[in-house]
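The block underneath contains the structure these notes are about, expressed in structure tokens.
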2 protein chains.
Amino acid sequence: MKKSAAASRFSVNSATKTHSLHLVHPCDVCDVRPYSACAALNPDEQSRLVDIMTTVEVDAHQPIFDEAERAQHVFNVTEGAVKIYKLLSDGRRQITGFLFPGDFLGLTHNENYAYSAEALTHTKLCRFSRQKLEALLDEMPKLEQRLLGMASHELAAAQDQMILLGRKSAKERVVSFLIMLSNAAVRHGRPDNPVGLPMTRNDMGDYLGLSLETVSRALTQLKTQGLIQLLDERRVRLAKPEAMREIAGGV
Amino acid sequence: MKKSAAASRFSVNSATKTHSLHLVHPCDVCDVRPYSACAALNPDEQSRLVDIMTTVEVDAHQPIFDEAERAQHVFNVTEGAVKIYKLLSDGRRQITGFLFPGDFLGLTHNENYAYSAEALTHTKLCRFSRQKLEALLDEMPKLEQRLLGMASHELAAAQDQMILLGRKSAKERVVSFLIMLSNAAVRHGRPDNPVGLPMTRNDMGDYLGLSLETVSRALTQLKTQGLIQLLDERRVRLAKPEAMREIAGGV
DNA sequence: CGGTCCTTTGACACAGGTCAAGTAATGTGG
DNA sequence: CCACATTACTTGACCTGTGTCAAAGGACCG
């Protein structure tokens, strides 16, 4: 795949642009996803969206955008995995989400992005000009309903994360996380088990409000108790998913 | 104020209904709020909204709705204060937000509410039939844009709360909380200082992911350090707001 | 095949939780 | 208006879960 020559963090797939209607299948904006079934776009609306869209690629561990940056684009993951995070001034980090194909990022009502985003693996995204997308919103209420549905879904997920961070033990957090990844895999049409871990222990800790050592110890403990098997460091089999859902605690 | 005779948790202000356009001034749906300035409704649209609206009142410490309940209404606080929370099966509680006049609650894309809501003080709300509101959305894109703006604002707040819960110390959490309340007061047109605390120490703990004792100790410590004065148990003067914003840590 | 990064594991420290007692504020019925 | 009960808050003593520091494999990469 040819990289763009400019000093950009993105490689733009201009060659594929003309076929994009076919290529953007897992894109939440142009296509229907399970949790945004409320609004279906007609072919004309789809093509207007595709007109303001570019597909881009980002290598593993490369930034997609930074919190301080002006929010000029919104993105939809089509392949790969992404982490989004916020930093405190002394460097403490909170990962606020891991995103997979179909997930949306960069939506904000301010000048700047609300968080930073970085690719965990080699990642492909649909990129939309924010300005042009907002102009389309006035004319396409269905699209806006879809965005509202997605925001609403994200908000519910954020509240689940708050109860995890505020009230769950380390073991409960790690179990909840594995269940969450398994659920996300199903939602995105992949097998629910075993679960792939495209992020480091450090990333997991920064998502779960734990140190990387505590994450590692919790995984070891779950393995010892026969709840999981570590196929390799980045692949976990849930041996007793029902018992795990019980531990995760009803949320 | 006359109470409704039915065994309802709400007292419905039917007498004020006819004048409601005047009474609902701080309602986010009918009226413009600072953070939803993107979309202004015309008088006709406002009156269509008022048609599907009822004003209701709830006494202090009374439920507004429960997580398990079917989500038939959405609400907008016009007077008072509300807490929204989620429970784990063993009773651990996470308060996911405190809501004040202008704030919205009950929006969901599922059958049921995503959380429970309870009045902290005597509270007045605008209540909308969810079904009728959703029907209006198709015809009023401006309204939908406003809801999207509000959801987007809430999402940003949820992410700030995640970094607080995941990465801040007890003292930083309490300071962040006081600053947050002060900011909210300004946003709602009240003085930024001193700050009123309509919730108990237990509620603060359940919001900040701390025990009530730790909240109390942190407040005592802030008082000892001269950063705050406790005018009474439910009223705090921020003596050094700038130093506090520093401690709160840039978020 | 040497270096780098990731992960695991151990030893120890400490922030914050838990338990308990005492005090202050608030409400209630007489 | 006052006794009493109840609820909220503070403070102390102690304990424990998780963080920190350190060291030693492993995996991966040039």
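Here the structure is a predicted model, which means the values were calculated and not measured.
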**Q.** Residue pairs passing the salt bridge (Lys or Arg N to Asp or Glu O under 4.0 Å) test where at least one lies in residues 205-234 of chain B, sequence neighbours excluded
**A.**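 Matches after skipping sequence neighbours: A/R167-B/D206, B/R93-B/D206.
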Q) Does any pair with a residue in residues 172-185 of chain A pass salt bridge (Lys or Arg N to Asp or Glu O under 4.0 Å), and if so which ones, sequence neighbours excluded? A)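 Non-adjacent pairs meeting salt bridge (Lys or Arg N to Asp or Glu O under 4.0 Å): A/E172-B/R92.
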Q) Taking only residues at least two apart or on different chains, which pairs with a member in residues 225-249 of chain B satisfy ring pair (Phe, Tyr, Trp, His ring centres under 6.0 Å)? A)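 Every candidate ring pair (Phe, Tyr, Trp, His ring centres under 6.0 Å) pair involving residues 225-249 of chain B fails, so no pair, neighbours aside, qualifies.
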Q.
Under the ring pair (Phe, Tyr, Trp, His ring centres under 6.0 Å) definition, can you give me all pairs with a residue in residues 191-223 of chain A, not counting sequence neighbours?
A.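 Every pair satisfying ring pair (Phe, Tyr, Trp, His ring centres under 6.0 Å) with a residue in residues 191-223 of chain A: A/F98-A/Y207, A/F177-A/Y207.
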**Q.** Bending between helix ends of the helix from C/dC1-D/dG30 to C/dG30-D/dC1 [5 pairs per end, 10° resolution]
**A.**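 What I find for the helix from C/dC1-D/dG30 to C/dG30-D/dC1 is an axis angle of 50°.
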Q) If you look at every strand shown and take non-hydrogen atoms under 4.0 Å, does B/R173 touch a base, only sugar-phosphate, or nothing? A)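 Nothing, no heavy atom under 4.0 Å.
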Q.
Taking any heavy-atom pair under 4.0 Å as a contact, classify A/T200: base, sugar-phosphate, or nothing.
A.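 Sugar-phosphate: the residue A/T200, judged by heavy atoms under 4.0 Å, touches backbone atoms but no base.
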Q | Those residues that, when tested against A/A71, pass side chain to side chain contact (heavy atoms under 4.5 Å, CB included) (two or more places apart) | A |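 Testing A/A71 for side chain to side chain contact (heavy atoms under 4.5 Å, CB included), a comparison that skips the adjacent residues, returns A/T108, A/Y113, A/R130.
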**Q.** 5' precedence on DNA chain C between A/R167 and A/R201 (nearest-nucleotide basis)
**A.**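 Result of the comparison: A/R201.
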**Q.** Boundaries of the chain A footprint along DNA chain C (any atom under 4.0 Å from a heavy atom)
**A.**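 Range of nucleotides within reach of chain A: C/dC6 to C/dA11.
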Between the protein and nucleotides 23-27 of chain D, list every N/O to N/O distance that falls short of 3.5 Å.
none

Rounded to whole Å, please give me the gap between [atom1] in [X] and [atom2] in [N].
X      : N      : atom1 : atom2 : value
B/L230 : D/dA8  : CG    : P     : 18 Å
A/K168 : D/dT18 : NZ    : P     : 14 Å
B/D232 : D/dC9  : CG    : P     : 11 Å
A/D59  : D/dC29 : CG    : P     : 14 Å

Report the residues that fulfil side chain to side chain donor-acceptor pair (under 3.5 Å) with [X], sequence neighbours left out, ordered by chain and then residue number.
X      : result
A/T123 : none
B/S182 : none
B/N183 : B/R245

Q: Determine, for nucleotides 11-16 of chain D in 5'-to-3' order, which nucleotides have protein heavy atoms under 4.0 Å from the base (write B), from only the sugar-phosphate (write S), or from neither (write -).
A: BBB---
